[in-house]
K.L.:
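Structure provided below as structure tokens; questions to follow.
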Amino acid sequence: MKIAIGNDHTATNLKKEIMEYVKSLGHEVINFGTDEYESCHYPEYGKKVGQAVAAGEADCGILICGTGVGISLAANKVKGIRCGVCSDTTTAHLIKEHNNANIIAFGARIVGVEKAKDIVKAYLEAEFMGGRHQVRVDMISKMEE
Ligand code: RB5
């Protein structure tokens with residue numbers, strides 16, 4: 001898969017680790033930055049990754065800020081994006097299976113490197129279940145009209 005990734009300054013080191021991990025799983029990564037450590041604005045990166053996923057340039061996305069919250073809020077403003085914060089592997093597979101999330105977010109101040117890798121793996125390996133969950137996802141999509 002092609003995976004878009006973005007982060008703010010709190011998550012530059014974790015993003016680099018996650019990029020390498022995602023590549024080691026056989027995926028292609030499109031890095032939207034930041035690769036810097038100076039304070040920056042997370043909405044910029046949430047928007048970039050959201051737009052790339054919504055446009056089909058990437059199959060899904062990974063966003064990281066301090067908590068995962070701010071950057072997920074920004075991504076969810078892009079039409080067609082379903083992004084949620086995952087701080088554990090159960091949420092990470094259910095967010096795909098039930099919510100068909102096309103981006104996951106997590107916090108560099110909340111999860112360590114190994115937990116973050118497990119979260120990413122759980123999300124990437126999960127599949128949307130459809131059925132009753134499709135009905136609910138469609139209800140969310142209708143709210144964007
Ligand atoms: C930056 O200080 C911090 O606010 C940001 O990384 C994120 O946690 C916001 O939700």
K.L.:
Would you give the length of the straight line joining atom CG of Leu63 to atom CG of Leu73, rounded to the nearest 0.5 angstrom?
P.N.:
11.0 Å
K.L.:
Calculate, to the nearest 0.5 Å, the distance between atoms NZ and OG belonging to Lys115 and Ser87 respectively.
P.N.:
9.0 Å
K.L.:
Any donor-acceptor pair under 3.5 Å linking the side chain of Lys15 with the backbone of Thr34?
P.N.:
yes
K.L.:
Ignoring hydrogens, what is the shortest heavy-atom contact between Ala116 and Leu14? Give both atom names and the distance.
P.N.:
CB-CD1, 4.0 Å
K.L.:
Could you tell me the separation between the OH atom of Tyr37 and the OG1 atom of Thr12, rounded to the nearest 0.5 Å?
P.N.:
5.5 Å
K.L.:
Between Asn13 and Glu17, is there a side-chain donor-acceptor contact under 3.5 Å, judged purely by atom types and distance?
P.N.:
no
K.L.:
Looking only at atom types and distance, does a side-chain atom of Tyr123 sit under 3.5 Å from a main-chain N or O of Ala101, one as donor and one as acceptor?
P.N.:
yes
K.L.:
Would you sort out whether Glu44 and Lys48 count as a salt bridge (Lys or Arg N to Asp or Glu O under 4.0 Å), showing the intermediate values?
P.N.:
CA-CA 6 Å; Glu44 193 182 323; Lys48 283 182 183 176; 3.8 Å; yes
K.L.:
Treat each ILVMFWY residue as a node, draw an edge where side-chain heavy atoms are under 4.5 Å apart, and state whether Tyr45 and Val53 are in one component.
P.N.:
yes
K.L.:
For residues Thr90 and His93, determine if any side-chain heavy atom of one lies less than 4.5 Å from a side-chain heavy atom of the other.
P.N.:
yes
K.L.:
Inspect the surroundings of CD in Glu127 and state if more than 12 heavy atoms from other residues, nucleotides or ligands are less than 6.0 Å away.
P.N.:
no
K.L.:
Under 4.5 Å between side-chain heavy atoms, counting indirect links through other Ile/Leu/Val/Met/Phe/Trp/Tyr residues: same cluster for Tyr21 and Ile62 or not?
P.N.:
yes
K.L.:
Could you tell me whether Lys47 atom NZ has more than 12 heavy atoms of other residues or ligands within 6.0 Å of it?
P.N.:
no
K.L.:
What I want to find out is whether Glu125 reaches Lys121 closely enough, with some N-O distance under 4.0 Å, to be called a salt bridge.
P.N.:
yes
K.L.:
Passes side chain to side chain contact (heavy atoms under 4.5 Å, CB included), Glu36 versus His9? Steps please.
P.N.:
CA-CA 6 Å; Glu36 307 302 328; His9 56 287; over 6 Å; no
K.L.:
So which heavy atom on Gly68 is nearest to which on Ala105, and how close?
P.N.:
O-CB, 3.5 Å
K.L.:
Regarding Tyr42 and Asn7, do their side chains bring together a donor and an acceptor under 3.5 Å, going by distance alone?
P.N.:
no
K.L.:
Same cluster for Val85 and Ile140 if Ile/Leu/Val/Met/Phe/Trp/Tyr side chains link at under 4.5 Å?
P.N.:
no
K.L.:
Same cluster for Val111 and Ile71 if Ile/Leu/Val/Met/Phe/Trp/Tyr side chains link at under 4.5 Å?
P.N.:
no
K.L.:
Ignoring hydrogens, what is the shortest heavy-atom contact between Gly70 and Cys65? Give both atom names and the distance.
P.N.:
N-SG, 3.9 Å
K.L.:
Take a 6.0 Å sphere around NZ of Lys77 and say whether it holds more than 12 heavy atoms from other residues, nucleotides or ligands.
P.N.:
no
K.L.:
Please walk me through it: do Asn100 and His133 pass side chain to side chain contact (heavy atoms under 4.5 Å, CB included)?
P.N.:
CA-CA 8 Å; Asn100 202 15; His133 303 294; over 6 Å; no
K.L.:
Write down the atom of Ile103, the atom of Ala75, and the distance for their closest heavy-atom approach.
P.N.:
CD1-CB, 4.2 Å
K.L.:
So does Thr67 get a backbone contact from the side chain of Arg109, meaning a donor-acceptor N/O pair under 3.5 Å?
P.N.:
no
K.L.:
Kindly indicate whether the side chain of Ile30, heavy atoms from C-beta on, has any atom under 4.5 Å from the side chain of Ile3.
P.N.:
no
K.L.:
Rounded to the nearest 0.5 Å, what's the gap from NZ on Lys23 to NE2 on His27? Could you check?
P.N.:
13.0 Å
K.L.:
Roughly how far, to the nearest 0.5 Å, is SG of Cys40 from CG of Asp8?
P.N.:
5.0 Å
K.L.:
From Cys86 SG over to Ile110 CD1, what is the distance, rounded to the nearest 0.5 angstrom?
P.N.:
13.0 Å
K.L.:
Can you confirm whether the side chains of Asp88 and Thr91 place a donor and an acceptor under 3.5 Å from each other?
P.N.:
yes
K.L.:
Which pair of heavy atoms, one from Ala54 and one from Val78, lies closest together, and at what distance?
P.N.:
CB-CG1, 3.9 Å
K.L.:
Show, in sequence, the C-alpha distance, side-chain angles and deciding distance for Leu124 and Met1, and conclude whether the side chain to side chain contact (heavy atoms under 4.5 Å, CB included) test is met.
P.N.:
CA-CA 9 Å; Leu124 294 178; Met1 284 195 286; 3.8 Å; yes
K.L.:
For the side chain of Glu144 and the backbone of Gly80, is there at least one donor-acceptor N/O pair under 3.5 Å apart?
P.N.:
yes
K.L.:
Tell me, with the steps shown, if Val137 and Arg82 meet side chain to side chain contact (heavy atoms under 4.5 Å, CB included).
P.N.:
CA-CA 9 Å; Val137 170; Arg82 290 176 301 281; 3.8 Å; yes
K.L.:
With Ile5, which of Val22, Val49, Val120, Val29 fulfils side chain to side chain contact (heavy atoms under 4.5 Å, CB included)?
P.N.:
Val29
K.L.:
Same hydrophobic cluster for Phe128 and Ile119, using side-chain heavy-atom links shorter than 4.5 Å among ILVMFWY?
P.N.:
no
K.L.:
May I have the step-by-step check of salt bridge (Lys or Arg N to Asp or Glu O under 4.0 Å) for Lys142 and Glu145, ending in yes or no?
P.N.:
CA-CA 5 Å; Lys142 282 208 176 89; Glu145 289 167 10; over 6 Å; no
